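For reference, the structure is listed below as structure tokens.
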Amino acid sequence: MIAYNREWLDALRISDTAYSWHKNGLLTADELEALEVQKPVPFYSPNLFIRIGLGIFCLILMYAAMGLFALTGMLDSEAGLTAFGIFWAVVWIILLELWIIRSLRHYGSGLDDMMLYVATTTLIGGLYASFPSWAGPLTYCWVALPFLVAGSIRYLDRLMVAAAFGCSLLILLLTIYEIPKLALYLLPFSGMAFTAAVWWGSRWAQKRLAWRHWHGLFVILELLCLPAFYASGNYWVVQQAGLSWFNLPQPPISWFFWSFTFGVPVLYILMGLRLRDRLLLDTSIFTVAAAVFTFRFYHHVLPLAWACTIIGAFVFVAAYFFISYLRKNPGAFTYESSAEADLLQEIEEQLIEQLIVAPSAPKPEAPKETFGGGDFGGGGAGGEY
Amino acid sequence: MLEHWLEQAALSPEAAEKIRRFESQKPFSLHWELKTLLYLGVLLLNAGLGYLIYDNIDHIGHMAIIAFIGVISAACFWYAFKHRKPFSTGPIVSATPYFDYVLLLGCLMFLVMEGYLQYQYQLFGERYGLATFIPMVLFMVLAYVFDHRGVLSLGITALASWVGITLTPQDLLTKNDFNSHTITNTGIAFGALLCTVTFVSERLDIKKHFSLTYLNFGVHIGMVSCLAGMIALDLSLIYFPMLCLAVGFFLWYARTRASFYFLTVAVLYGYVGITYLIFSTANGYDIEFYLFYFLFSCIGVILFLTNYKRFIKKVAP
């Protein structure tokens, strides 16, 4: 079902996990090295920047190849366009499967990502070319969805799963939209129900051992559900949609949508703290901002400049007090940075060659047995720029 | 799930036990969330106050505004001085979590104050060079004293505008007729200057960790200027060799310092330059020629990039 070698995927996950343990001082450099030898990862997965570069050049290459082929004059009819799209999608998929993945062992190298995207888009685009003129957006979505789902399952691709999520949400909303009379009432609630269900489902699926290879995809789904859920009931979204689709200046039960607008950010914060869920907490920052914008859109209580100043000062002071509180009261929450959450540090590490087990490897820190307080050096990446 | 990975990793029982205890007890870090809030606060405060002044430029007393912003800025700098750590040529760990953000706020407020003074009183008159020179010196000094890469970026930006304004003849600026030659050459010289600064400071062992900030500005300003010379001024004969020099330099840098970022950036700029050169000299061919060019050149670049491990030296000097 998965195009990539499952054993290597497991080994990759173990080596990543072991590296984070090592950074937290739980594994010595020797233990880490032993693990790398014992569980080799033969994938070709270059650094992030190389991946971007390879992706860009692969895209140009594929379009040049297709352009040369198109010069033969195949594209003069709709059927020709469809045949062209299907033909090239098959070519790219065969190359991707047999050459890039199987013999060159690429995984997340930029080449495999880009080949998948180009194959999917040419295929779907080719199919669209011969659609009859009565086909509406709903038909387009239904045709694209199976390919997006299949692509994300077989190639573990996060962008594909995001596209599949958007596509299915669109299908749902477009279907509800067709229902006479009730559409206006059903639309927000169906969006909420769908995103909530997907959220629960992906949280549950992340815990399943058998589905561990798709873990990253479920995280993406979980993340996408949070803003989508909020948008489903946000007053501004509902009001604007009602105005443009149903010519309603004010949506019904507006008290409900107003309380949703302000209640959900609070709910996100509380749930995020309770479940210790970073996605919920991080989304809550954006939803709070969205709630403020929504309110300001309808009620001009303060000039923008004053609002900015006051909110800015409030945010700064609040963060200041939270930080000093957390530093004085170590407990379940901490201000010290943890190795796993350090996105910026991760990007910085991508800038240079990793020298994990080389002679100049970072010195492992003494194992930390006590938590909270003190500087958490983390023994991060070594090397210079 | 944890148990599965522990089993797969086949660790010693003690190590596994240590990891189990760590995973069950580790506190939840709010580090980046709170830092983001601090940053957001600084930005909002700055934008709000800047806009407030712009809005009420005729209503509130001028002196009151200047005094208010000056007090905030001074308070920030005072905080930074009070909490500063002894100067070191290496990286300095911030004394408090808010240190970096307070310093940044102080610098941004200083800019707002200066802009206001210039707008209202024409403090610097037509001497725009001086207006950019003062924040440049201030930010550079602060960046080195307090070891702040954000302020360093502000300083480099101020330096760039100072260099640009000083080297461009005044009458051209006022006539709003930008002389592309001057600006292009200034950009190339400035990019080279930034790269030189990096090497001098690495040799002297002063703030080696600022290298990335300098080089990042240097690579983009320098290369974009070279490309501008080729494309906008149509002087490929002069600027293409310069671009090649710059690409060669950054490839060498990437090779010796094991930097993927500069490898990819240099390859991208180089490719754009070569492609432009070929397309501008070889016009009039069939479209097949260009498509074949893209086909084969991309294969070449991909082969080069996929073998990056052989290109980059394993042990950094």
Side-chain angles (χ1 to χ4, degrees), chain A residues 10 14 17-18 21 24 26-27 31 35 38 46-47 49-50 52-54 57-58 60-61 64-65 67-68 71 207 209 212 276 281-282 285 304-306 308-309 311-313 315-316 318-320 322-323 326 330-338 341 350-353 367 371-372 383-385, chain B residues 1 4-5 8-11 15 18-19 22 25-34 36-38 40-49 51-52 55 93 97-98 208-209 211-212 215 257-261 263-264 267-268 287-288 291-292 294-295 298-299 301-302 305-306 308 312 315-316:
Chain A
D10 270 336
I14 290 171
T17 322
W21 288 336
N24 281 311
L26 298 161
L27 279 186
E31 281 172 306
L35 202 64
Q38 183 199 347
N47 165 280
F49 292 102
I50 302 283
I52 294 172
L54 283 175
F57 286 106
C58 185
I60 305 175
L61 171 81
L68 274 174
L71 288 178
K207 295 189 192 106
L209 191 59
R212 62 186 178 281
R276 303 214 189 157
L281 273 179
D282 292 354
I285 296 179
L304 183 65
W306 281 106
C308 259
T309 312
I311 294 170
V315 167
F316 190 84
Y320 182 98
F322 270 120
I323 292 174
L326 285 177
F333 296 97
T334 173
Y335 174 69
E336 309 306 329
S337 63
S338 73
Q350 290 280 328
L351 286 168
I352 46 143
E353 170 82 282
F371 298 103
E384 295 164 21
Y385 301 108
Chain B
M1 204 69 105
H4 175 77
W5 299 124
Q8 289 268 307
L11 295 172
K18 208 157 76 180
I19 289 168
F22 172 79
Q25 290 179 358
K26 73 173 169 193
F28 187 75
S29 169
L30 293 172
H31 187 82
W32 284 103
E33 284 74 13
L34 290 171
T36 310
L37 285 183
L38 277 180
L40 211 68
V42 167
L43 284 188
L44 278 175
L45 205 57
N46 189 55
L49 284 176
Y51 190 47
L52 203 64
D55 237 15
V93 178
Y98 334 104
K208 278 181 175 172
H209 56 292
S211 292
L212 186 71
L215 280 179
R257 308 296 161 91
S259 166
F260 297 117
Y261 175 68
L263 178 67
T264 311
V267 167
L268 275 172
I287 188 168
E288 281 93 339
L291 287 174
F292 271 116
F294 277 124
L295 195 69
C298 284
I299 291 176
V301 176
I302 287 172
L305 279 181
T306 42
Y308 72 97
I312 277 180
V315 180

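Lettering follows sequence order; numbering is per chain, from 1. No hydrogens, no waters, no symmetry mates; every other heavy atom, side chains included, goes into these values. In this text the structure is predicted, and so the values were computed from the model without any measurement.
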B/Phe28 vs A/Thr334, side chain to side chain contact (heavy atoms under 4.5 Å, CB included): CA-CA, chis, key distance, verdict: CA-CA 6 Å; B/Phe28 187 75; A/Thr334 173; over 6 Å; no
Just how far is it from atom [atom1] of [X] to atom [atom2] of [Y], taken to the nearest 0.5 Å?
X	Y	atom1	atom2	answer
A/Ile52	B/Phe260	CD1	CZ	13.0 Å
B/Leu305	A/Asn47	CG	CG	11.0 Å
B/Tyr51	A/Trp306	OH	CH2	13.5 Å

Got a sec, which residues hit ring pair (Phe, Tyr, Trp, His ring centres under 6.0 Å) with A/Phe57, two or more places apart in sequence or on another chain?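 Per chain and number, A/Phe57 pairs via ring pair (Phe, Tyr, Trp, His ring centres under 6.0 Å) with B/Tyr271.
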Grab the two heavy atoms, one from [X] and one from [Y], that are nearest each other, plus how far apart they are.
X	Y	result
A/Cys308	B/Gly48	CB-CA, 3.4 Å
B/Cys298	A/Leu61	CB-CB, 3.6 Å
B/Glu33	A/Asp282	OE2-OD1, 2.5 Å

Contacting moiety of [X], where chain B heavy atoms sit under 4.5 Å:
X	result
A/Leu281	side chain
A/Ala18	neither
A/Leu35	side chain

Quick one: does any side-chain atom of B/Thr264 pair with a main-chain N or O of A/Phe49 as donor and acceptor, under 3.5 Å? yes
What I'd like to find out is whether the side chain of [X] reaches to under 4.5 Å of the side chain of [Y], using heavy atoms alone.
X	Y	result
A/Tyr335	B/Ser29	no
A/Leu68	B/Phe292	yes
A/Ile50	B/Thr306	no
A/Phe316	B/Leu44	no

At a 4.5 Å cut-off on heavy atoms, which part of [X] comes close to chain A: side chain, backbone, both, or neither?
X	value
B/Leu43	neither
B/Leu295	both
B/Val301	side chain

At a heavy-atom distance under 4.5 Å, which candidate from B/Ile19, B/Leu49, B/Leu37 has the highest pair count against chain A?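 Max contact count across the listed options: B/Ile19.
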Leading residue by heavy atom contact count with chain A [cutoff under 4.5 Å; candidates B/Thr36, B/Asn46, B/Leu45]: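 Highest number of heavy-atom pairs under 4.5 Å: B/Leu45.
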Which of the residues A/Ile285, A/Val315, A/Thr17, A/Ile311 is involved in the greatest number of heavy-atom pairs with chain B at under 4.5 angstrom?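 The answer is A/Val315.
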